[in-house]
Amino acid sequence: MKRVFIFQDFKSQKFWSIDVEGVNVTVNYGRLGTDGQTQVKTFDTPEKAEKQAEKLIAEKTKKGYV
């Protein structure tokens with residue numbers, strides 16, 4: 001499951017994406033038009049990875065990412 005979110009206002013244009021594959025959660029973020037930075041976190045179970053992804057998605061949508 002890969003999801004991509006965009007945030008734009010009068011000062012910035014940013015992206016944030018998340019991908020869950022088994023026990024790995026990969027987050028990529030940065031300014032639009034760049035490759036950005038990537039972080040990979042590994043969890044004990046796929047359920048924990050999915051739960052963490054849902055938490056991060058909720059945080060980003062609360063901040064205005066769509």
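What you are looking at is a predicted structure, and each value in this text was computed from that prediction instead of being measured.
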Between CD on residue Gln39 and OG1 on residue Thr26, distance to nearest 0.5 Å: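 It comes to 10.0 Å.
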NZ-NZ distance between Lys63 and Lys14, expressed to the nearest 0.5 angstrom: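 Reported to 0.5 Å precision, the distance equals 8.0 Å.
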Only one of Asp35, Thr38, Val4, Asp19 clears side chain to side chain contact (heavy atoms under 4.5 Å, CB included) with Asn28; which?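 For Asn28, the side chain to side chain contact (heavy atoms under 4.5 Å, CB included) test succeeds with only one of Asp35, Thr38, Val4, Asp19, which is Thr38.
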Answer with yes or no whether the hydrophobic clustering places Phe43 together with Ile18; edges join I, L, V, M, F, W, Y residues whose side-chain heavy atoms lie under 4.5 Å apart.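 Yes; Ile18 is reachable from Phe43 via cluster members.
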Co-membership, hydrophobic cluster, residues Tyr29 and Val20, 4.5 Å side-chain: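 Yes, Tyr29 connects to Val20 through the hydrophobic network.
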Would you please name every residue forming a side-chain contact (heavy atoms from CB on, under 4.5 Å) with Glu54, sequence neighbours left out?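 Glu54 satisfies side-chain contact (heavy atoms from CB on, under 4.5 Å) with Glu50 only.
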Non-hydrogen atoms of [X] and [Y] that approach each other most closely:
| X | Y | answer |
| --- | --- | --- |
| Gly22 | Ala49 | O-CB, 3.7 Å |
| Ile6 | Gln8 | CG2-CG, 3.8 Å |
| Leu56 | Val27 | CD1-CG2, 4.3 Å |
| Leu32 | Phe15 | CD2-CB, 3.8 Å |

Count the heavy atoms of every other residue, nucleotide or ligand shown that sit under 6.0 Å from CD of Glu21, and state whether that count exceeds 12.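 Not more than 12 within 6.0 Å, no.
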Tell me every residue that passes ring-ring contact (aromatic ring centres under 6.0 Å, His included) with Tyr65, counting only those two or more places apart in sequence or in another chain.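 Tyr65 satisfies ring-ring contact (aromatic ring centres under 6.0 Å, His included) with Phe7 only.
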Quick one: list whatever passes ring-ring contact (aromatic ring centres under 6.0 Å, His included) with Phe5, sequence neighbours left out.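 Listed in chain order: Trp16.
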